[in-house]
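Accompanying notes for the structure given below.
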Amino acid sequence: MYTIVDYKHLGGLTHEMSIEAKQLARKAQAGQFLIIRMNDEGERIPLTIADADPDKGTITIVFQAIGRSTEELATYKVGDTLSDVVGPLGRASEIEKYGKVIIVGGGVGIAPIYPIAKALKAAGNHVISIIGAKNKDLLFWEDRMAAVSNELHIATDDGSCGHKGFVTDILDDICQKEEIAAVWAVGPMIMMKNCVRVTKPYGIKTFVSMNPVMIDGTGMCGGCRIQVGDETKFACVDGPEFDGHLVDFDLAMKRSAYLKDMEAKGREYYHD
Ligand code: FES
């Protein structure tokens, strides 16, 4: 059993939880994820590891309560236990000394981008972070991101904090003015697609973290397949990070729209 040791409501549908998981906390690397099951009959929920504290033996997750299982998870409080926390899964981010790098996190994608920024800064890179949300109430972890960035830029759709507009506006502006070695983008699929569109003309290597529906998380079911260049890849074992310039975002978005319908049915069932 894995005990929840800390909980915060971050605003809107977004929740932060720290869970005692000693081995996982020792092994977790930036970019990796885990799978949670609340109880023996529970659905498997894949979530990126947003932070890990090997000394305390805890890992932190951030999730949105938008499906049947995540809504139920949001009702769990400090002291409650989860029956399974499996990980770390997936390949770690390619952390090395690149020079000047840009990190882009949109919406709940701010959480998974945090450990990547932290690791890149620790590796000696100049980290420029751009985070964005619909409005300032949906932003979170500005202080954490500032602590692991040389520069922090904020964008909100309604202009209630930072630049009024999209993270891609700021990304484009910086790419025009500065020599950027690599970009990481994590957030909604459409945001990552647009980040890649911005960086392509500059020829900047751009990593994106794909979050398709996952079932087993170990390469067995094929549910998380995505098209990367000429190859079909499984996000759970080959990723979740891929070269954004090669990802077929249109196909990935089509698949995820189809599965959203099934998700909605599951939610209705849960509420009945
Ligand atoms: Fe089953 Fe990736 S989740 S193959």
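Numbering starts at 1 and runs along the sequence shown.
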Where the side chain of [X] meets the backbone of [Y], is there a donor-acceptor pair that is under 3.5 Å apart?
X	Y	value
Asp172	Cys175	no
Gln32	Gly90	yes
His153	Gly132	no
Thr206	Val196	no
Asn194	Ile190	yes
Asn125	Gly99	yes

Taking all non-hydrogen atoms of both residues into account, name the closest pair between [X] and [Y] and its distance.
X	Y	answer
Ser93	Trp184	CB-NE1, 4.3 Å
Ala252	Met210	CB-CE, 3.9 Å
Cys221	Ile215	SG-CB, 3.6 Å
Val167	Ile131	CG1-C, 3.8 Å
His15	Ala65	NE2-CB, 4.0 Å
Pro201	Arg197	CD-O, 3.2 Å

Any chance you could measure [X], atom [atom1], to [Y], atom [atom2], to the nearest 0.5 Å?
X	Y	atom1	atom2	result
Leu89	Thr48	CG	OG1	11.0 Å
Thr14	Ile110	OG1	CD1	8.5 Å
Ile36	Leu82	CD1	CG	5.5 Å

Please indicate whether [X] has more than 12 foreign heavy atoms, meaning atoms of other residues, nucleotides or ligands, lying under 6.0 Å from its [atom1].
X	atom1	answer
Glu179	CD	no
Lys77	NZ	yes
Lys136	NZ	no
Phe242	CZ	yes
Arg91	CZ	no

Taking Glu151 as the fixed residue, which of Val127, Ile130, Ile128 is the one that meets the side-chain contact (heavy atoms from CB on, under 4.5 Å) rule?
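Checked Val127, Ile130, Ile128 against Glu151; only one passes side-chain contact (heavy atoms from CB on, under 4.5 Å): Ile128.
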Would Lys205 and Asp243 count as a side-chain contact (heavy atoms from CB on, under 4.5 Å) here? Give the steps.
CA-CA 7 Å; Lys205 175 97 173 163; Asp243 179 345; 4.0 Å; yes
Can you tell if the side chain of [X] reaches within under 4.5 Å of the side chain of [Y], non-hydrogen atoms only?
X	Y	answer
Cys236	Phe33	yes
Tyr202	Ile180	no
Glu231	Asp238	no

Are the charged groups of Asp84 and Arg44 less than 4.0 angstrom apart, N to O?
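Not counted as a salt bridge, because no side-chain N and carboxylate O are separated by less than 4.0 Å.
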Salt bridge between Lys193 and Asp250, side-chain N to carboxylate O under 4.0 Å?
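Yes, Lys193 and Asp250 are salt-bridged.
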Are Ser18 and Thr58 linked by a side-chain donor-acceptor pair shorter than 3.5 Å?
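There is no such pair between these side chains.
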Give the C-alpha distance, both sets of side-chain angles, the deciding distance and a yes or no for side-chain hydrogen bond (donor to acceptor under 3.5 Å, both in side chains) between Gln227 and Thr232.
CA-CA 5 Å; Gln227 195 64 26; Thr232 298; 3.1 Å; yes
